[in-house]
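Every chain is numbered from 1 and lettered A, B, ... according to where its sequence line falls, protein lines coming before strand lines. Only this structure's heavy atoms are used, side chains among them; waters, hydrogens and symmetry mates stay out.
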Amino acid sequence: MTASNAPEADSTDDLVAARRQKLRFLKEELGVDPYGGRVEGISSLKDARDAFDESAHLALEEDPEGEDRRPRRLVSGRVMQHRDMGKLVFMTLRDHTGDLQVSVSKAACDPAIFRLAKKLDYGDVVVAGGPMGRTRKGEICVWADRVEIHAKSLTPPPEKWHGLSDPEIRFRRRYVDLHANPEAILALQDRSRIVSRMRSFMERRDFLEVETPMMQPMAGGAAARPFVTHHNTLDLDLYLRIAPELYLKRLLVGGLPRVFEINRNFRNEGVDRSHNPEFTALEVYEAFGDCWTMMELTESMLHELAVASAEDRRQRGDESVGGTADAPILPFDGIPVDWAKPFVRVTYSELFTRAHGFDLQDEAAVRAKAAELGIEDAATRDHWLLVDDLFEREAEDLIDPARPTFVTGYPSAVSPLTRPMADQPHLCDRWDIFVAGMEVGPAYTELNDPEIQQAKFSEQLSGADDEAEAFRTLDEDFLTALRVGMPPAGGLGIGVDRVVMLLTGMRTIREVIAFPLMRPEGGSE
RNA sequence: GCCCCCGUAGCUCAAUCGGCAGAGCAGCUGACUCUUAAUCAGCGGGUUCUCGGUUCGAGUCCGAGCGGGGGCACCA
């Protein structure tokens, strides 16, 4: 790592220098603190706009000498536009609720205030107060007699018309993106609302929210590569969790019959449009339930969330929302996703047969097809693993992307924590829900027989390659817990980020995560 | 990890066949009491991602690296 933290000489310097010059002017000429302080009684820009009173405005128009009944508001925001007309300054402020114009007339305010208003830059954080009125062109605005700067922006902002579109800068400097692109802040507000409704739904169903370890001595509950970290004083390697499952089940053993957790999982895998290395999952366990009670719960919850999101979006004038109040259609990546109940249900084996023309139990046909598709070890690998390969390659594509779809009855071989079906043990009581081509989450009738569980763990370990073996170890304590006795249960995992994508129409997972992972800039070693 | 594409002013983008690196916005100076991407007059602004190569000459061609986008793989 060599030298230069020093800013390089480019035109940024000139732009910053101009702003520093104004900073000095504010301090020395106007005697104001350009970094402000506490302010009481600030209205959001939306509330201020809503407070505008047409009759009070008109009354004053007709009789300028009469009583001014216009409501006064104090607002704050970032300067997004600034038009200096000489003795009249117009600026547009932006906050988390939208934009509002502030108009400053030389005749109507203190000379020092007017000098400050003229000197403001795009990006400055200001507070302005005055009566709510209209301009001659009809624009609702604050006719400000109070203007203060509360944070001088030293950094030149993005271009006002085209804005900031370079995804590299958008996600690296999200704080700029969020005020430059109103959709960005909307996505995070929508996310918050969706998660809050999820939580409220689970609480209404009498589930208890819990928090289980994110740092685990063994990374269990899923087959994914974990991140490794280290505890110094204990001299202990720890894994960032890949799933909370094994701990939530311990709580079932302990006697909490309905638990859920909304929190981060970490998987050391590739990054793409629908995968961020840390992602938020809703995980649910219900004693004496099964994957079918989880199906009802999931359908009701997602439907409720979709209805609420559609309503939010309609209210803000989003014309892309279709369908009816109870059966909204929310477009995602060009697909009009229809959230009407009931969602589609289809069995794994039916989809398989439709895709390939033979039954998934027909081992010879499966091996032949796998060989034809060039799948490795088509002759020797486990039949059911090949089945799942074939399923993922062809059968998933047959699911209607415009309808939330439950695919039921997965092979037991790919679901080691799931109870096999009594009448056909090669399949198990598990489903996955797909929406718009994305896997949103699976649910299971959980395995609570410690003997079968132990056998399945061992089987899975023996099939692991060297790399997998390095972090997949048998969780003895979990088996001990099962031997204490876990009630039969239904379990569910939902990818929260993906649900938010679907309900907000955001095409990439990064849009719905405040700070998605980016490789560090100028990354030498 | 693999394949394809991209990286030019603060931002959004041009630059013909390899021939003096440009525009709009923003910035600076000035004018303007009703603007809405305000307008008008004038002025500045570049390591063309980095390093190396080919060439009389490289933003442009070649190689390597860094970063980004898309796809594949990985991902119960």
Side-chain angles (χ1 to χ4, degrees), chain A residues 4 8-19 21-22 80-92 99 101-108 114 118 121-123 133-141 143 153-173 176 180 220-226 242-243 245 265 267-277 279 376 384-385 388-389 391-392 410-418 428 430 432 439 441-442 444 456 460 463 465 467-468 493 495 507-508 510 518-525:
Chain A
S4 68
E8 295 178 9
D10 55 29
S11 66
T12 308
D13 288 353
D14 298 339
L15 299 172
V16 171
R19 283 163 180 259
Q21 178 61 42
K22 287 186 187 166
M80 301 307 288
Q81 306 216 43
H82 187 263
R83 291 182 286 272
D84 180 351
M85 306 286 299
K87 297 191 178 67
L88 195 55
V89 174
F90 299 107
M91 54 190 166
T92 303
D99 292 358
Q101 180 169 298
V102 170
S103 310
V104 191
S105 162
K106 186 175 184 183
F114 193 70
K118 282 176 89 77
D121 278 322
Y122 289 52
R134 275 192 201 276
T135 64
R136 275 178 213 158
K137 294 286 169 65
E139 183 81 26
I140 293 175
C141 66
W143 278 108
S153 179
L154 294 175
T155 310
E159 205 258 358
K160 65 182 175 189
W161 185 242
H162 300 93
L164 183 65
S165 59
D166 181 349
E168 173 147 13
I169 305 176
R170 285 193 53 217
F171 295 116
R172 280 194 199 289
R173 306 225 304 236
V176 176
R225 298 199 298 190
I242 55 177
E245 169 157 0
N265 292 332
R267 296 189 179 175
N268 207 336
E269 310 287 352
V271 176
D272 64 30
R273 226 184 333 181
S274 60
H275 294 81
N276 193 61
F279 64 97
E376 253 180 275
W384 291 104
L385 296 183
D388 205 46
D389 270 358
F391 181 84
E392 283 181 11
Y410 274 68
S412 297
V414 298
S415 316
L417 296 168
T418 314
C428 64
R430 163 191 166 186
D432 263 38
E439 185 186 354
Y444 309 88
K456 282 181 160 283
Q460 190 187 25
D465 58 24
E467 197 197 356
R507 221 171 50 84
T508 76
R510 295 193 306 185
M518 297 291 281
R519 203 186 281 265
E521 241 167 329
S524 52
E525 73 265 33

Does any N or O donor sit under 3.5 Å from an N or O acceptor when you compare the side chain of A:Glu139 with the base of B:U36? yes

Distances under 3.5 Å between protein N/O atoms and the N/O atoms of nucleotides 2-8 of chain B, please, pair by pair.
none

Does B:G1 have a Watson-Crick or wobble mate here (both distances under 3.5 Å), and if so which one? B:C72

Let's test this: given Watson-Crick or G-U wobble pairing with both distances under 3.5 Å, identify the partner of B:G63. B:C51

Between B:C34 and A:Arg83, is there an OP1 or OP2 to side-chain N/O distance shorter than 4.0 Å? no

Respond yes when some side-chain nitrogen or oxygen of A:Lys22 is under 4.0 Å from OP1 or OP2 of B:C28, and no when none is. yes

Indicate, with a heavy-atom threshold strictly under 4.0 Å, whether A:Arg519 touches base, sugar-phosphate, or nothing. sugar-phosphate

Between A:Arg172 and A:Arg430, the residue closer to the 5' end of RNA chain B by nearest nucleotide is A:Arg172

What's A:Ala413 touching, base or sugar-phosphate or nothing? Going by heavy atoms closer than 4.0 Å. nothing

Which part of the nucleic acid does A:Ser165 contact within heavy-atom distance under 4.0 Å: base, sugar-phosphate only, or nothing? sugar-phosphate

Shorter than 3.5 Å, N or O on both sides, protein versus nucleotides 21-26 of chain B: list them out with atom names.
from: B:C25; atom 1: O2'; to: A:Glu159; atom 2: OE2; distance (Å): 3.0
from: B:A26; atom 1: OP1; to: A:Lys160; atom 2: NZ; distance (Å): 2.7

Watson-Crick or G-U counterpart of B:G10, or none if no pair lies under 3.5 Å: B:C25

Reckon A:Asp432 touches a base, only the sugar-phosphate, or nothing at all at heavy-atom distances under 4.0 Å? nothing

Do side-chain atoms of A:Arg430 reach the backbone of A:Ser412 as a donor and acceptor pair under 3.5 angstrom? no

Pair partner, B:C40 [Watson-Crick or wobble, under 3.5 Å]: B:G30

